[in-house]
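Here the structure is laid out as structure tokens; the discussion comes afterwards.
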Protein chains: 2
Amino acid sequence: MTSVGKPSGAEVVRPVIGKLRSLGLEGEAELQAFLKLIKVRGCLGRGEEIIDAGSSPSHSSVLLTGIACSYRRLQDGSRHIFTFHHPGDFCDLHRYVLPERNGAVAVAAITDGLVGTICHKDLDQTLVQHPKLGLALWRATMLEASIIREKLVNVSRRSALQRVVHLLCEQLARREAIGINCATIPLNQVDLADAAGLSVVHVNRTVQGLRMLGVLTPDSRSIEVTDKKRLLQIANFDARYLSMPKVLSNWTIDTQ
Amino acid sequence: MTSVGKPSGAEVVRPVIGKLRSLGLEGEAELQAFLKLIKVRGCLGRGEEIIDAGSSPSHSSVLLTGIACSYRRLQDGSRHIFTFHHPGDFCDLHRYVLPERNGAVAVAAITDGLVGTICHKDLDQTLVQHPKLGLALWRATMLEASIIREKLVNVSRRSALQRVVHLLCEQLARREAIGINCATIPLNQVDLADAAGLSVVHVNRTVQGLRMLGVLTPDSRSIEVTDKKRLLQIANFDARYLSMPKVLSNWTIDTQ
DNA sequence: CGGCGGCTTGATTCGAGTCAAGAACCGTGG
DNA sequence: CCACGGTTCTTGACTCGAATCAAGCCGCCG
């Protein structure tokens, strides 16, 4: 879907402000300079593609509202989800600096939402004037790398239960960090499976196990966390890899 | 140890030059400015720690000779290897920009070798004067991210055989890109297992399978590739994620 | 010589995938 | 209002790849 009218420009980029602040960007001038580059690119519907893996990147995207995912489509048609994106997250900033044209990563909307785009040429100019902004953006890409590294450990070393639970912890923590305190995670079991590297059937059994345990609401088909503390324990979750100092204390396991 | 006597100061940083060039850094001034920052930090022995996961980073490291690995030690004592480093690779450049103090990543030597260090304070100053250098370094960190992303797909979606073979392809390709054309990969089966997320026993069986197939030398305990073409086929290896234009053509599967 | 790190082998277990089918929950249109 | 078709979620039976356990072996170095 292409350009709809800007819904009150200032309001819509708020998540991006939070993001840059959390990345340690302090100057007001840098912030404003960056915000000016963002063009709101209308609404997205569930499943809609934001970035085609094969396209040549002349711009990058930021998610403003909703949830998206970075993924790869494999030869056999299956989908591997690398990470989920929440409001304020960059979708493909890595392509600013390393413009792979191969099918490395595609991005699609998971819920309805809004994205903004940043033209690379504009960014080139702005970065020359504001080197600190460049550092913040570099940091943003490293944060994503950190998330993927964590997932690698997860997928290769932990049980199905732990993988799923860790995934949930991460989404919950990241959403809380941007002010979304809802206990329901708007992902379906197929999304979870593709992100955890498990079959849907097995994710289903795992989710049911969690409902039995009272960690997730038993009387709903959605993923709604009722016992956060337990969740953290099961996953052995240590949120430091997310670099979110402000809410970190909420995401540490109680050491008994 | 890698043969011969002590190379002269200029000689020893050659891999770094190659690296920066391959990252698209063209200017001679930037290159020289960066090389000046490198302090050679003596020899390392196998198993020796290069970067402690818990230390506060005041400098970053480049590998000059030998092989190293980035890894994490898990609670149960097992080791997960994220990536291997070859001459010219940065070991922990990510900590320049995102100084996690948690045990996210440690780095250790796998063979004897040499490392150089770059003081972060020095780098700060140099980057102010040479913004293009900053971009190249950013790119370096993104390349590593790309490698880890690839490994994530591998580990979560492919069979043990493919995982191991893909790992071998990658090391072979990366080494060729820096002028190391040796068919023997100086890793032992434990290293392979920790990097592929498999048990040693299973890696051993897999390696033997490859020896049966004639892909690896059957009459040696080391990992020596004799049939590169077959290796590529088994792994379905597509080297584009490594961004090495110069040798890419050698690392594409023959489309039958 | 003995000890130790790396490699091999076989037997056994078990977690997660696959297949197949059915049920619950939409939205849409007659 | 209900009948539909399409997702998404559930359940059960069966299979199989890889982990684990447990020795034994080879080659190296002190």
Side-chain angles (χ1 to χ4, degrees), chain A residues 45-48 74 76-81 108-112 154-167 184-212 216-224 234, chain B residues 1 45-48 67 74 76-81 108-112 154-167 184-212 216-224 234:
Chain A
R46 145 127 212 153
E48 203 165 328
L74 307 182
D76 65 356
S78 67
R79 176 183 68 156
H80 182 95
I81 294 180
I110 282 207
T111 64
D112 295 348
N154 244 281
V155 164
S156 65
R157 298 291 158 135
R158 300 226 248 243
S159 69
L161 178 68
Q162 286 184 305
R163 284 194 228 177
V164 171
V165 170
H166 190 279
L167 196 61
T184 300
I185 301 174
L187 298 173
N188 67 28
Q189 296 185 5
V190 178
D191 297 329
L192 288 183
D194 288 350
L198 295 166
S199 67
V200 196
V201 173
H202 206 253
V203 163
N204 179 275
R205 290 184 171 125
T206 306
V207 166
Q208 281 176 66
L210 290 169
R211 287 183 179 143
M212 292 287 141
L216 300 181
T217 318
D219 51 298
S220 161
R221 284 161 63 105
S222 64
I223 307 295
E224 183 183 347
I234 295 173
Chain B
M1 179 97 208
R46 145 128 212 150
E48 204 166 326
I67 298 188
L74 308 183
D76 65 357
S78 69
R79 176 183 69 157
H80 182 96
I81 294 180
I110 282 207
T111 66
D112 296 346
N154 245 281
V155 164
S156 64
R157 297 292 158 134
R158 301 227 247 245
S159 69
L161 179 68
Q162 287 184 304
R163 283 194 230 178
V164 170
V165 170
H166 190 279
L167 197 61
T184 299
I185 301 175
L187 298 173
N188 67 27
Q189 296 185 5
V190 178
D191 297 329
L192 288 183
D194 288 350
L198 295 167
S199 68
V200 196
V201 173
H202 206 254
V203 164
N204 178 274
R205 290 183 171 124
T206 306
V207 166
Q208 281 177 64
L210 290 169
R211 287 186 179 141
M212 293 285 141
L216 300 182
T217 317
D219 52 297
S220 161
R221 283 159 66 103
S222 63
I223 306 295
E224 183 183 348
I234 296 172

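Worth saying up front: this structure is predicted, and the values here are computed from it rather than measured.
Counting only N and O atoms by type, the side chains of A:S78 and A:D76 include a donor and acceptor under 3.5 Å apart.
D:dA22 and C:dC7: their C1' atoms are spaced 15 Å apart (whole Å).
A:D194 places its CG atom 11 Å from the P atom of D:dT8, with the value rounded to the nearest Å. At whole-Å resolution of the value, CZ in A:R157 and C1' in D:dA18 are 13 Å apart. The NE2 atom of B:H202 sits 17 Å away from the P atom of C:dC14 (whole-angstrom rounding). Atom pair B:R158:CZ and C:dG17:P shows a separation of 17 Å (rounding to whole Å applied).
At a cut-off of 3.5 angstrom, counting only N and O atoms as typed in the model, there is no donor on one side facing an acceptor on the other between the side-chain of A:R205 and the base of C:dG15.
Summarising the geometry, atom CD1 belonging to A:I110 is positioned 13.5 Å from atom CD belonging to A:E48; distances are rounded to the nearest 0.5 Å.
Proximity of B:L161 to B:L210: side-chain heavy atoms (C-beta onward) are separated by under 4.5 Å at one or more points. A 4.5 Å side-chain heavy-atom check between B:E224 and B:I185 finds every atom pair outside the cut-off. Contact annotation: the side chain of B:T184 never approaches that of B:I223 to less than 4.5 Å [non-hydrogen atoms, C-beta and beyond].
Looking at heavy-atom distances under 4.0 Å, A:G197 makes contact with sugar-phosphate atoms alone, never a base.
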Fill in the blank from the handout: For nucleotides 2-8 of chain C, 5' to 3', base contacts (B), sugar-phosphate-only contacts (S) and non-contacts (-) with protein non-hydrogen atoms under 4.0 Å give ----SSB
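Under the rule for a ring pair (Phe, Tyr, Trp, His ring centres under 6.0 Å), the partners of B:H80 that lie at least two apart in sequence or sit in another chain are B:F82.
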